[in-house]
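Below: one structure, written as structure tokens.
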Amino acid sequence: MLRQIRADHDARTLTVYQAYAPAVADAALQAGRFVPPFSFRRMTWIKPSFRWLMHRSNWARKPGQQRILAVRITRAGWEEALSRGVLTTSAPSAVADAAVHVQWDPERSLRGAPLNHYSIQVGIGRDLIRTYADEWVVGLTDLTDRVHKIAALVQGGRSPQAQRLLPPERPYEVPGPVAARLGIDG
């Protein structure tokens, strides 16, 4: 399917991935939730595709994105975000007024090449950031060491071993009206 949400999820939660500067990640991991210097005044983008975030963060090597967190959120929160989402390709006025921005970008291979299907990125706006951080987030895990190990395996030509270390991702069903509005195949 061209546009389908693929994620690590169970009956109650879903994992999204985010890349942060060390100071933000350390504070969040110590507190067990997002706290300053995490910014509650700007949009935060969450991504259920691990490989897409690895491409975006250059495997945790991009400045300000050296730490990779797996953020476990409630399915209720995820579905609320999707229900409030507006595609970034919509009319500029609709995007400007949206609490949540949604965009589709090419999924990536382990080596970063674009694939022939898309991954969803969800931008949680300022009006929902506190809800995201205080109510939706139920767990934070630092994946940075695992990311570096996977990257080293890929760099060393050992992609099958790297593949086995990837988090599991499988299709996530979205209710019909929301799926249609967000361009999700189904």
Side-chain angles (χ1 to χ4, degrees), residues 5-86 88 98-105 107-108 110 112 119-154 162 165-170 172 174:
I5 297 172
R6 294 165 195 84
D8 177 8
H9 60 89
D10 59 30
R12 295 179 352 156
T13 63
L14 175 130
T15 298
V16 294
Y17 303 97
Q18 294 186 276
Y20 289 107
V24 174
D26 288 341
L29 290 163
Q30 184 174 1
R33 62 189 188 86
F34 288 111
V35 295
F38 176 86
S39 177
F40 291 95
R41 290 187 289 255
R42 66 195 259 319
M43 182 171 283
T44 191
W45 287 87
I46 58 177
K47 302 143 188 91
S49 169
F50 179 81
R51 287 179 300 165
W52 192 91
L53 183 61
M54 295 311 96
H55 168 73
R56 178 79 172 90
S57 70
N58 193 20
W59 292 91
R61 291 189 296 254
K62 193 177 274 188
Q65 298 183 26
Q66 305 97 312
R67 298 285 294 284
I68 305 299
L69 298 183
V71 182
R72 201 83 181 164
I73 65 173
T74 65
R75 283 177 71 139
W78 174 250
E79 290 178 8
E80 180 178 342
L82 294 179
S83 73
R84 297 178 70 177
V86 171
T88 57
V100 176
H101 293 179
V102 173
Q103 67 185 45
W104 293 95
D105 294 308
E107 179 61 278
R108 299 295 171 155
L110 274 175
S119 289
I120 195 169
Q121 321 322 314
V122 176
I124 307 296
R126 288 181 286 238
D127 295 341
L128 274 180
I129 288 261
R130 287 272 177 198
T131 303
Y132 167 72
D134 296 339
E135 297 175 25
W136 298 352
V137 174
V138 296
L140 301 170
T141 305
D142 188 348
L143 296 183
T144 308
D145 289 342
R146 185 176 179 180
V147 164
H148 291 155
K149 184 174 184 174
I150 295 168
L153 288 168
V154 171
L165 295 176
L166 294 177
E169 293 176 8
R170 58 191 170 84
Y172 184 92
V174 177

Exercise for the section: Could you point out which residue of Ile129, Asp134, Leu140 forms a side chain to side chain contact (heavy atoms under 4.5 Å, CB included) with Phe34? Expected result: Leu140
Handout entry: 4.5 Å side-chain heavy-atom contact, Leu69 and Asp142
Key = yes
Problem - Centroid-centroid under 6.0 Å between Tyr132 and Phe38 rings - result: no
Handout entry: Gap between atom CG of Leu128 and atom CD of Glu135 - 0.5 Å precision
Key = 9.5 Å
Problem - Side-chain donor or acceptor of Gln65 paired with backbone N/O of Asn58 under 3.5 Å - result: no
Exercise for the section: Show your working on side-chain contact (heavy atoms from CB on, under 4.5 Å) between Thr44 and Tyr20 and close with a plain yes or no. Expected result: CA-CA 11 Å; Thr44 191; Tyr20 289 107; 3.6 Å; yes
Practice task
May I ask you to test the Thr141-Thr15 pair for a side-chain heavy-atom distance under 4.5 Å?
Solution key: no
Handout entry: Expected output: side-chain Thr144 to main-chain Ile68 donor-acceptor under 3.5 Å
Key = yes
Exercise for the section: Step by step, work out the side-chain contact (heavy atoms from CB on, under 4.5 Å) result for Leu110 and Leu153. Expected result: CA-CA 10 Å; Leu110 274 175; Leu153 288 168; over 6 Å; no
Handout entry: Arg108 side chain to Met54 backbone, donor-acceptor under 3.5 Å
Key = no
Exercise for the section: Measure across Ala99 and Arg84 and return the closest heavy-atom pair with its distance rounded to 0.1 Å. Expected result: CB-NH2, 3.7 Å
Handout entry: Residue pair Arg51, Tyr17: steps toward the side-chain contact (heavy atoms from CB on, under 4.5 Å) verdict
Key = CA-CA 10 Å; Arg51 287 179 300 165; Tyr17 303 97; over 6 Å; no
Exercise for the section: Would you check if Val122 and Trp78 make a side-chain contact, meaning some heavy-atom pair closer than 4.5 Å? Expected result: yes
Problem - Glu107 versus Ser119, closest heavy-atom pair with distance - result: OE2-OG, 2.7 Å
Completion exercise
Note: Ala81 and Val100 closest approach over all heavy atoms is O-CG1, 3.5 Å
Practice task
Compare every heavy atom of Ala25 with every heavy atom of Arg67, then report the nearest pair and how far apart it is.
Solution key: CB-CB, 3.6 Å
Practice task
Check the surroundings of atom NZ in Lys149: do more than 12 heavy atoms from other residues, nucleotides or ligands lie under 6.0 Å from it?
Solution key: no
Handout entry: Stepwise side-chain contact (heavy atoms from CB on, under 4.5 Å) check, Gln121 with His101
Key = CA-CA 8 Å; Gln121 321 322 314; His101 293 179; over 6 Å; no
Fill in the blank from the handout: When every non-hydrogen atom of Val35 is compared with those of Ala28, the smallest separation belongs to CG2-N, 4.3 Å
Handout entry: Donor-acceptor contact present, side-chain Arg75 to main-chain Asp10, <3.5 Å
Key = yes
Fill in the blank from the handout: Heavy-atom nearest pair, Phe50 first then Glu169, reads N-OE2, 2.8 Å
Practice task
Measure from the side-chain N and O atoms of Arg170 to the backbone N and O of His9, and report whether any donor-acceptor pair falls under 3.5 Å.
Solution key: yes
